[in-house]
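Note on naming: letters A, B, ... go to the chains in the order of the sequence lines (proteins, then strands), and numbering restarts at 1 for each one.
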2 protein chains.
Amino acid sequence: MNLKELAQSLGLSPTTVSRALNGYPEVSEATRRRVLDAADAHNYRPDTRATALATGRAMRIGHVITLSTTHEMVNPVFADFITGASEIYSQNGYDIALSVVSDADEAASYRTLAAKRAVDGIVVHAPKIDDPRIELLNEIGLPYVVHGRASAVTAPYCWVDVNNRGAFRRATEFLVDLGHRRIALINGLERLDFAMRRRDGYLAGLSARRLSPDPALMASDEMTESYGYLAARRMLTSGAPPTAILAASIIVAMGARRAIEERGLRLGRDISMIAHDDELSYFDNGGEEPNFTALRSSVRDAGRRVAQMLISRIAAPEGPTMSELLEADLMLGRSTGPALHAEA
Amino acid sequence: MNLKELAQSLGLSPTTVSRALNGYPEVSEATRRRVLDAADAHNYRPDTRATALATGRAMRIGHVITLSTTHEMVNPVFADFITGASEIYSQNGYDIALSVVSDADEAASYRTLAAKRAVDGIVVHAPKIDDPRIELLNEIGLPYVVHGRASAVTAPYCWVDVNNRGAFRRATEFLVDLGHRRIALINGLERLDFAMRRRDGYLAGLSARRLSPDPALMASDEMTESYGYLAARRMLTSGAPPTAILAASIIVAMGARRAIEERGLRLGRDISMIAHDDELSYFDNGGEEPNFTALRSSVRDAGRRVAQMLISRIAAPEGPTMSELLEADLMLGRSTGPALHAEA
DNA sequence: CAAAACGTTCAAAGCGCTTTGGTATTTTGC
DNA sequence: GCAAAATACCAAAGCGCTTTGAACGTTTTG
């Protein structure tokens, strides 16, 4: 059933039917009712392709996720992010177009997406410190919002980010104040902006408490469980093990916990750990009494906010750029405690 | 730059340019070269909406993921599945349209997707035992492939599945043969077909070895880490704890391991565990020497096969239905060993 | 009471592409 | 050397929708 047929079956012109369906005022209420009822009865939906062509709007948002050729993995945060974003999208009639591209094809893929007119806007995931995508998108003129920031990019752009630096500084100082002096950072890939900021916050926290960092206590890699395990094990079996660990995600923390328990240490007593918690649905850290003491910040909520911002941006592409900084709450759990042999 | 402008800039008609770009034979090689070069120079891409409208093909595959209103979570396997599928899609010029819908809106959302002509085909995720989506899609006439099966559905349909029953039966018998008599199953949601089949396989394995199941050793829920933990803890602290556990996923197994270690038990010695391993990229179970003894079956590979099958199906929607049964390999790891106090 | 205004409807053009059904021009076959 | 076939191109219709501009009958206004 298409518009023409529907119109014919009602003895109306396509024009009138279209206006009735789209809520234009110049159609009588009686006719509108008839049209709406008939559309319903026939389960009529306008063909998206035709509508998009006629209106110039695709009503579709592009999400490009990048597989680095070396790592080739999709971060599980994506699943929760998209769940949040899609709530907002569906409220506003938008669909999601998902592309998975290798980082070599990334620039080309953005250009193509724009040239094909496949989407009205784009969400940029996992920005690097000097991410070329931002300048590229500015040049192309396709509306976008960055989830995260790109510290080295000077051009203005819209973003939603967590205060990673502040959170990690806070957590570090919290651990120092518990008496810990050897605090490890098991970080994400530090070419990604969020991980760089976390390291910065960690270093700032140490420095604020007059401690100097030990490179042997700092690791950086893709945030898998086994990475968490291997990094923690290496540190714990070294001559000068940490008494506390800052982990970049619950998954990393789970790996680290494995190493800790394998060493026969008791988490929260022999060693402390704070994890960043994106509140992924499959990795619930407990509600009011978390397992891990954690920096909590819902990535699903971030998805909602990014989606909302992008929709505003699409409505007003030339307006001033927007940004939103979310705070991560420090939630006390059972994985932290005073350092056993505090020197001070 | 659109087709008309490109044609004008070349002094050709849109017809000829279109044919040149689409590889039709009735255009001279010299002209084709000129057109291709010009298209390249201007970074011209045909407008997808116009192309889709004119050809009737959207070149887009729909993936509908369902949030149950009670659970509201997106399984992390989705990220890896889509990575595999998108490899095949991009080789064949297809895009992905992603919808996240609550299970109440599910039927409506399929109907809408078809009526809107938004996609050429659909992948059905996480089928339930008597999944109504299959009949619905047959009725609508939209090509689709099911990742998994729906045991109670009698209508023919295309599917790709892992031999869950066989794998879990094998694993159960393996554990019995190691001397275990109290074997727990920490399963996924048993209204989902794959989980039901796994339970069947588990029960068949017990039965083949003349053991009767103990309901206290069987759990079923969404496969989160904390579920694995809580289920294992409950069983381990009961009067008659298991000596071996079958876990539905690596994530569940990680939760179970937490409970095991918390009890001061040593995995592989005091208690055995076999996990189903979808080879999720963030949960590497080790390569040749896995951490967990595991039933290994790559969900990314399943994504590739589903995508391939769907593309064939779209090309020949009326052909005979296809299906593919993948086997899960039992990989010996460090989490299994002989039962300590074997009775027989 | 004619003119203007209004409310409701429609015909037709246009979005950017593909594809049908041509038409010139060149090449081939006899 | 000429009809037939092949080659290389194009005009125009059509995909299903939105939207502009016009038309119609009715009501209001001066």
Presence of salt bridge, [Y] and [X], under 4.0 angstrom:
{"X": "B/Arg34", "Y": "B/Asp37", "result": "no"}
{"X": "B/Asp47", "Y": "A/Arg117", "result": "no"}
{"X": "B/Glu318", "Y": "B/Arg313", "result": "no"}

How many whole angstroms separate atom [atom1] of [X] from atom [atom2] of [N]?
{"X": "A/Leu53", "N": "D/dC15", "atom1": "CG", "atom2": "C1'", "result": "9 Å"}
{"X": "B/Leu10", "N": "D/dC10", "atom1": "CG", "atom2": "P", "result": "10 Å"}
{"X": "A/Met59", "N": "D/dC17", "atom1": "CE", "atom2": "P", "result": "16 Å"}
{"X": "B/Lys4", "N": "D/dA12", "atom1": "NZ", "atom2": "P", "result": "13 Å"}
{"X": "B/Leu6", "N": "C/dC17", "atom1": "CG", "atom2": "C1'", "result": "13 Å"}
{"X": "A/Leu3", "N": "C/dA11", "atom1": "CG", "atom2": "P", "result": "13 Å"}
{"X": "B/Arg117", "N": "D/dC17", "atom1": "CZ", "atom2": "P", "result": "9 Å"}
{"X": "A/Arg45", "N": "D/dC17", "atom1": "CZ", "atom2": "C1'", "result": "16 Å"}

#### Entry: Close approaches to DNA chain C from residues 24-37 of chain B, in residue order (heavy atom, under 4.0 Å)
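Only B/Tyr24 qualify.
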
State whether the side chain of [X] and the backbone N or O of [Y] hold a donor-acceptor pair below 3.5 Å, judged by distance alone.
{"X": "A/Arg32", "Y": "A/Ala20", "answer": "yes"}
{"X": "A/Ser99", "Y": "A/Val101", "answer": "no"}
{"X": "A/Ser86", "Y": "A/Tyr89", "answer": "no"}
{"X": "B/Thr112", "Y": "B/Ala108", "answer": "yes"}
{"X": "A/Asp80", "Y": "A/Ser281", "answer": "yes"}

Could you please name the option among [options] that lies closest to any side-chain atom of [X]?
{"X": "A/Ala54", "options": "C/dT18, C/dC10, D/dC17", "answer": "D/dC17"}
{"X": "A/Ser18", "options": "D/dT18, C/dC17, D/dC9", "answer": "D/dT18"}
{"X": "B/Leu12", "options": "D/dC10, C/dC17, D/dG16", "answer": "D/dC10"}
{"X": "B/Thr51", "options": "C/dG16, C/dC10, C/dT18", "answer": "C/dT18"}

### Query
Once the angle between the rings of A/His125 and A/His63 is folded into 0 to 90°, is it parallel (under 30°), tilted (30 to 60°) or perpendicular (over 60°)?
tilted

Is [X] close enough to [N] that one of its side-chain N or O atoms is under 4.0 Å from OP1 or OP2 there?
{"X": "A/Thr16", "N": "C/dC10", "answer": "yes"}
{"X": "B/Asn2", "N": "C/dC15", "answer": "no"}
{"X": "A/Tyr44", "N": "D/dG16", "answer": "no"}

## Note on the structure
Given protein heavy atoms under 4.0 Å, the one-letter contact record of nucleotides 21-28 of chain C, with B base, S sugar-phosphate only and - none, is simply B-------

### Query
Taking for each residue the nucleotide of DNA chain D with the nearest heavy atom, is it B/Gly11 or B/Thr55 whose nucleotide lies nearer the 5' end?
B/Gly11

### Task
Determine the minimum heavy-atom distance between B/Ser109 and B/Val64, stating which atoms define it.
OG-CG1, 4.1 Å

